Engineer: 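Quick one: the structure is below, questions incoming.
Bear in mind that the values here come from a model prediction, so they are computed numbers and not experimental data.
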Amino acid sequence: MSEWWRFDGFPTADEWQAVCSFEAVIVAVVLLMFAWKQLEDLAESNRGLANSNELLAESNRVLSRPTVLAQFESERVPKRNYTNQENANTVFITVENLGVSPALAV
């Protein structure tokens with residue numbers, strides 16, 4: 001093959017191949033660093049999503065948990081006997097289900 005296209009001081013085909021191979025290695029390294037960064041960001045996003053799912057599940061458990069309110073109510077009932085100052089006292093226990101789900105085995 002003749003070298004009519006070759007100029008003095010201009011790189012040969014082998015030299016061009018070496019330069020392009022070196023540039024390809026540099027581009028490959030930069031692309032690997034970019035891919036590694038994207039994978040790290042994806043892993044961080046997945047950790048945040050998993051944490052969000054755990055918080056949502058805990059919130060749903062708390063919201064669906066039955067809430068029971070027990071109160072003591074006292075009532076004083078005066079007797080008709082006005083000579084005796086004794087009164088009858090009654091204590092009532094009220095239990096209410098305030099949660100969204102029913103409370104079982106109360």
Engineer: So, for T67 and N97, which heavy atoms are closest and what is the spacing to 0.1 Å?
Structural biologist: O-OD1, 3.3 Å
Engineer: Could you pull out all donor-acceptor pairs under 3.5 Å where a side-chain atom in residues 57-64 meets a protein atom, sequence neighbours excluded?
Structural biologist:
residue, atom, partner, partner atom, Å
E58, OE1, R61, NE, 3.3
E58, OE1, R61, NH2, 2.8
N60, ND2, L56, O, 3.4
S64, OG, N60, O, 2.9
S64, OG, R61, O, 3.4

Engineer: Let me have the donor-acceptor pairs involving side chains of residues 29-37, under 3.5 Å, with sequence neighbours excluded, atom names and distances please.
Structural biologist:
residue, atom, partner, partner atom, Å
W36, NE1, E40, OE2, 2.7
K37, NZ, D41, OD1, 3.1

Engineer: Do the side chains of V91 and V95 join up, straight or via other hydrophobic residues, at under 4.5 Å, putting them in one cluster?
Structural biologist: yes
